[in-house]
Amino acid sequence: MLARRTVLGGLLLPVLLRPALALDSKAAITALNRPDLAPDLGRSPERVVLGDWGNSAERLVACAILNQDDDSVMALLLRDGPDGRAEIVAGPGQIPAVKIDPFWTANAQIMRQTPLGAAPVVAIKLSNSYLSTSRSTTTEAVHFFLRQDKTLVPIFASLTMAGHSEGKLRWQRTWRITAEGRPNEAGVPPVLVVRDGRSGESVSRHRWRRSAYHPLIFDRTPPLGPG
């Protein structure tokens, strides 16, 4: 299996691809240069992360893009096209990036597993660190997109870690996401529960309504200081 490295926020991230798959960040960028996508996307490989997705027969690659202009996360599914260019199979889907401060030193990865099991979900884990003269913050969060044929619908996003340091004020919190039950007979996804990482107590419950979880995003943190 070939290992490629994608640069994001100054960090080198390993991305494992199948041996016969020629798709790389350069090809993905070419595919993203479309009139219907935001014009700044695709100009820089520093915003693009790739990762294997789905079963081997589909030969698909998930693509995550961090858009610093509107602080969002975009997801697509790509594959090698017949002309050797990357072909967009599904998406793009877009959701606000869950974090405390603007993108600063950010990195992302395509997740292999989610609480939703075998559901066709593109899952992106985003980490962001921010530093100013008065304070620093760090966050980790997950962003889920459900594949529905040629679309990627944002269905859920949640903090999994947040930390803040400002003078004598310092705190860090962690959360974990669990699924309650399984999809019911109508195919409705299970309830997602955000639990405190230390106590295990439920701090937020998210139920499926029509096409996404409600509330869509969990981003509650303790109050920040004056800076």
Side-chain angles (χ1 to χ4, degrees), residues 37-38 49 51 53-54 62-77 89-103 106 108-128 137-164 172-224:
L37 297 179
V49 174
W53 190 87
C63 175
I65 306 153
L66 306 186
N67 187 355
Q68 292 177 289
D69 288 343
D70 62 5
D71 276 5
S72 68
V73 177
M74 180 177 282
L76 302 99
L77 285 178
V89 177
Q94 195 165 8
I95 192 171
V98 180
K99 52 191 176 52
I100 294 177
D101 282 309
F103 283 125
Q109 67 183 86
I110 306 298
M111 298 171 59
R112 296 274 184 175
Q113 295 180 332
T114 74
L116 295 175
V121 171
V122 175
I124 299 166
K125 182 178 181 180
L126 169 67
S127 302
N128 188 58
T137 61
T138 57
T139 54
E140 289 182 356
V142 295
H143 305 74
F144 296 166
F145 299 81
L146 181 66
R147 182 186 182 184
Q148 296 179 343
D149 193 19
K150 294 183 179 181
T151 64
L152 289 177
V153 180
I155 60 170
F156 178 73
S158 173
L159 282 169
T160 55
M161 185 278 289
H164 176 75
Q172 180 170 311
R173 301 288 188 275
T174 60
W175 300 272
R176 57 187 175 88
I177 304 161
T178 60
E180 279 194 355
R182 298 180 179 179
N184 64 21
E185 295 179 356
V188 176
V191 174
L192 289 181
V193 182
V194 181
R195 298 185 180 278
D196 183 274
R198 294 181 180 178
S199 67
E201 294 181 358
S202 170
V203 295
S204 185
R205 297 176 65 85
H206 303 256
R207 291 176 172 81
W208 187 264
R209 294 181 186 170
R210 296 186 180 180
S211 61
Y213 280 97
H214 290 261
L216 179 65
I217 292 173
F218 168 76
D219 60 357
R220 295 200 302 271
T221 62
L224 303 184

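- Shown here for S199 and D196, the closest heavy-atom pair between the two residues is N-OD1, 2.8 Å.
- Between the side chains of D101 and T137, at least one donor N or O lies within less than 3.5 Å of an accepting N or O.
- The shortest heavy-atom contact between Q172 and R198 is O-NH2, 3.9 Å.
- Heavy-atom minimum distance, S158 versus V194: OG-CG2, 3.8 Å.
- Looking at heavy atoms from C-beta onward, F156 lies in side-chain contact with I177 at the 4.5 angstrom threshold.
- Between T178 and P115, the closest side-chain pair of non-hydrogen atoms is not below 4.5 Å.
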With a cut-off of 3.5 Å and sequence neighbours excluded, list every side-chain donor-acceptor pair involving residues 118-127.
none

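- Counting all heavy atoms, side chain and backbone alike, A162 lies closest to T221 at CB-CG2, 4.0 Å.
- Atoms NE2 and CG, from H143 and L216 in turn, are 9.5 Å apart once rounded to the nearest 0.5 Å.
- At least one side-chain heavy atom of L116 sits less than 4.5 Å from a side-chain heavy atom of I155.
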**OP:** Given side-chain contact (heavy atoms from CB on, under 4.5 Å), test V98 with F218 step by step and report yes or no.
**Re:** CA-CA 8 Å; V98 180; F218 168 76; over 6 Å; no
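- Between N67 and V73 there is no side-chain heavy-atom pair separated by less than 4.5 Å.
- Side chains of H164 and P222 form no contact here, defined as non-hydrogen atoms less than 4.5 Å apart.
- Counting only N and O atoms by type, the side chains of D70 and Q94 include a donor and acceptor under 3.5 Å apart.
- Rounding to the nearest 0.5 angstrom, the gap separating the CG atom in D219 from the OG atom in S204 is 9.5 Å.
- Across all their heavy atoms, R220 and W175 have their closest contact at O-CZ2, 3.6 Å.
- Contact check on K99 versus D71 returns a salt bridge, with a Lys/Arg side-chain nitrogen under 4.0 Å from an Asp/Glu carboxylate oxygen.
- Within the 4.5 Å cutoff, side-chain heavy atoms of T138 are placed close to those of M161.
- Salt-bridge check for E180 with R205: passed, with a basic side-chain N closer than 4.0 Å to an acidic carboxylate O.
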Table please: side-chain donor-acceptor pairs of residues 144-151 below 3.5 Å, with sequence neighbours left out.
| from | atom 1 | to | atom 2 | distance (Å) |
| --- | --- | --- | --- | --- |
| R147 | NE | D149 | O | 3.0 |
| R147 | NH1 | E58 | OE2 | 3.3 |
| T151 | OG1 | Q148 | O | 2.8 |

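- Between Y213 and H206, the shortest heavy-atom contact is CD2-O, 3.2 Å.
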